[in-house]
Q: 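So that we are looking at the same thing, I have put the structure below in structure tokens.
Numbering of ligands and ligand atoms starts at 1, following listing order.
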Amino acid sequence: MSDNRCIQVLPEVVANQIAAGEVVQRPASVVKELVENAIDAGSTQIDIHIKDAGRTLIQVIDNGIGMSADDAVTAFLPHATSKIRQAEDLFNLSTMGFRGEALASIAAVAHVELRTKREQDELGSCVCLSGGTLESQELIGCSKGTNIAVRDLFYNIPARRKFLKSNESEFRNIVQVVEQITLAHPTLQFSLHHNGQVIYQLMPENTHKRILSLFGKKLDGKLLSVQVETILGTISGYVGAPEAAIKRGASQFFFVNKRYIQHPYFNKAIQMAYEKLIPSDARAPYFIYFDVEPAKIDVNIHPTKTEVRFEDEKAIFPILSAVVRETLGKSNSIPTIDFDQDDAPFIPALQTASLDKPQTPKVTFDPSYNPFKSSGYTSKKPSDHWEDLYQQKSSGFTFKAEEEPKTAVATSNSAWGIETELLPPTPAEYKVMQWKKKYVVVLTEAAIQVFHQHRLHARILFEQYLKRMQQAERYSMPLLFPEVLELSVQENSLFTQVSEDLTALGFEFEPFGKTAYQITAIPEGLGDNNPVQTVLDTMELLQTNPSASKTQQKEWMAQTLAEKSAIKAGKVLTEMEMKLMVEQLANCQDTTYAPNGKPLLVSLNENEIENKLI
Ligand code: ADP
Ligand code: MG
């Protein structure tokens, strides 16, 4: 090699490393490129082997057309591709990759060993490269197809290697890529292995079965088929029935011509179709496949981008929305599902009160409810109780209801301020009562406070759960009949990360197969909540935010569990229960907001009342 040549070679290696940064961002991007190449080569069976989330090994074995001995080397040259011959081919591409950069980029940042043979060749080739340099090439005996192993990714770029996230997180990304590709090609056979364990073994099947093979029983019976012909081509696939909607981590996939794409605009169209059928913060799963003429779409030719633009997106939007809506309608979806009682309007009686005419304050009571029953007070009719509160002069309340209680209540349709400092009352100094089975009303010397009972309780539980996780105190309740928690591969990798925290919260698990567990105990106070669903919900926020800090993760888990366990609106409370909560709140670090960030009380002091009476 001449001196002149050296100068050219070095920048090329560097250039490839830089280009590699674009294509090869993480192990998952290598998996994507290699599997897409295998699909382009006409393979019907593709086996993926991963070690250490792809740090140590990413190997893809296919039974496709293979490469000649010459091509086995040429394939690694930058811009070497068998897929574009003329510029206009760019607009007609039906294959996956098309920049001829993937192999060159991968070889620049890893040790690569390629074994490949075409049907018509007697012998196959084995080519080895390291950091972009060809190290060996020999003829070998092997079967038809290609077997490519990528070892020690980023071995020569320590900064990139350090940049990789935890194995769990990197492997989750790989699983995501595999999900996307295998959903796009249900008729192909795939397997995914991690550290020698079989993660997926997918046989050729139809789309519906492939979805169930990947996402399991959760979606069984909850998928509705969608099919419509439009001017631009066919839209087909499956959408989840409303009951399949979940708050976080729904499986949502768009494919265009067998390529996974992200499309926020079309996502919106589907979201609209579910309006009023599911809570506004819930998401339904969907698997939508567009089959369009390649000329009518503009695939961003950056290989790592998954965005595609359609010729006439505005025209597709209403069609998509309508077809999903119609599908949901046909399935007799009932527009309700109130799984968030926390969104109940705040003190509606006050908000709708008429302003111009003074009215008698309307207070509704649960007739069967006696606030004094459990506390040793003499029994009185509920209405007497309110009068007692209004006329309480002996204890020094300055709120004199009999003077003009009507205006005070009837005009406060807006600015009830939130008391930021809640003075911890001592039991002797306050009275409590429940209002509308939804609020805990507290009268203290300083103020009238109305607590949202669910949020109040959620705050208390939230802080308790956090403490339990810190101190690993356990409050478990054994389950008489253990329940089986079946996880997807992705969920399982997250589960292994957080199972210690879940145990600290009071769950107990026993292994029950590769990605399944028996729940043998649940946290105390979880009530009627389904244990399996609770564990899944507890992990959901984490799933959508894999890079969250450990502290943040713990807070989310505590929040989910607190929201599930907290008493709901509609629950009648005894005076003791109410007092207990009010006093427990006084010991909380935050006494004004529920864990979800919403206020947990409104408070009105004397000044505020007087200002309103001017
Ligand atoms: P591109 O896929 O954009 O053409 P790549 O760098 O991914 O670029 O691959 C370069 C070329 O190597 C491909 O065009 C193809 O001819 C060949 N090749 C790569 N992987 C395989 C495979 N698994 N089987 C057969 N040929 C392959
Ligand atoms: Mg490619």
Side-chain angles (χ1 to χ4, degrees), residues 12 15-25 28-49 58-87 89-110 112-121 123-129 132 134 137 140 142-150 153 177-178 180-181 184-185 188-191 257-260 294 299-306:
E12 188 178 304
N16 284 347
Q17 280 192 2
I18 294 165
E22 276 183 66
V23 183
V24 187
Q25 291 170 338
S29 13
V30 176
V31 174
K32 177 173 185 279
E33 294 297 337
L34 297 184
V35 175
E36 287 184 345
N37 279 348
I39 292 172
D40 287 345
S43 313
T44 55
Q45 181 181 348
I46 299 168
D47 297 300
I48 309 159
H49 296 264
I58 298 164
Q59 184 173 24
V60 175
I61 305 167
D62 70 47
N63 63 354
I65 54 168
M67 287 174 258
S68 68
D70 284 346
D71 281 351
V73 176
T74 318
F76 290 98
L77 295 176
H79 307 293
T81 176
S82 55
K83 297 165 197 172
I84 304 175
R85 306 240 172 255
Q86 298 161 324
D89 277 0
L90 264 176
F91 300 98
N92 262 315
L93 277 168
S94 57
T95 62
M96 312 303 292
F98 39 76
R99 288 220 313 190
E101 246 177 283
L103 288 188
S105 302
I106 293 166
V109 294
V112 175
E113 184 182 318
L114 167 76
R115 290 157 176 269
T116 186
K117 188 180 95 69
R118 299 183 301 177
E119 178 113 71
Q120 64 266 39
D121 296 333
L123 287 173
S125 323
C126 178
V127 174
C128 290
L129 296 98
L134 182 65
Q137 178 188 17
I140 53 160
C142 62
S143 50
K144 176 205 162 202
T146 300
N147 176 341
I148 182 163
V150 176
L153 186 65
V177 160
V178 172
Q180 291 159 6
I181 298 179
H185 298 273
L188 304 185
Q189 183 177 333
F190 290 95
S191 73
N257 297 349
K258 294 188 178 295
R259 251 179 107 93
Y260 167 78
V299 180
N300 185 325
I301 65 161
H302 190 293
T304 61
K305 289 255 170 71
T306 46

Q: What are the atoms of ligand 1, with element, lying closer than 4.0 Å to any heavy atom of Ala75?
A: 10 (C), 12 (O)

Q: Contact between Leu114 and Met67 at the side-chain level, heavy atoms closer than 4.5 Å - yes or no?
A: yes

Q: Once you restrict to heavy atoms under 4.0 Å, what part of Ala102 touches ligand 1? Side chain, backbone, both or neither.
A: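 Within the 4.0 Å criterion, Ala102 contacts ligand 1 through backbone and side-chain atoms alike.
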
Q: Can an N or O of Ala41 be found at a distance shorter than 3.5 Å from an N or O of ligand 1?
A: no

Q: Does the side chain of Leu103 reach to within under 4.5 Å of the side chain of Asn37, using non-hydrogen atoms?
A: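 Yes, close enough: below the 4.5 Å cut-off.
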
Q: Applying a heavy-atom cut-off of 4.0 Å, say which part of Leu103 lies close to ligand 1: side chain, backbone, both or neither.
A: both

Q: With side chains defined as the heavy atoms from C-beta onward, is the minimum distance between Val31 and Val60 less than 4.5 Å?
A: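 Heavy-atom side-chain distance check fails, nothing below 4.5 Å.
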
Q: Asp62 versus ligand 1: do any nitrogen or oxygen atoms come within less than 3.5 Å of each other?
A: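 Asp62 vs ligand 1: N/O contact under 3.5 Å present.
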
Q: Once you round to the nearest 0.5 Å, how far does NE2 of His185 lie from CD1 of Ile46?
A: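 Going from the NE2 atom of His185 to the CD1 atom of Ile46 covers 8.0 Å.
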
Q: Kindly write out the residues that satisfy side-chain contact (heavy atoms from CB on, under 4.5 Å) with Leu123, not counting sequence neighbours, or none if the list is empty.
A: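 side-chain contact (heavy atoms from CB on, under 4.5 Å) list for Leu123, sorted by chain: Leu139.
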
Q: Check whether any N or O atom of Glu33, backbone or side chain, sits under 3.5 Å from an N or O atom of ligand 1, and answer yes or no.
A: no

Q: Please enumerate all residues that pass side-chain contact (heavy atoms from CB on, under 4.5 Å) together with Arg118, with sequence neighbours excluded.
A: Ser68, Gln120, Asp121

Q: Of the choices Ile148, Asn63, Asn37, which has the non-hydrogen atom that lies closest to atom 20 (N) of ligand 1?
A: Asn37

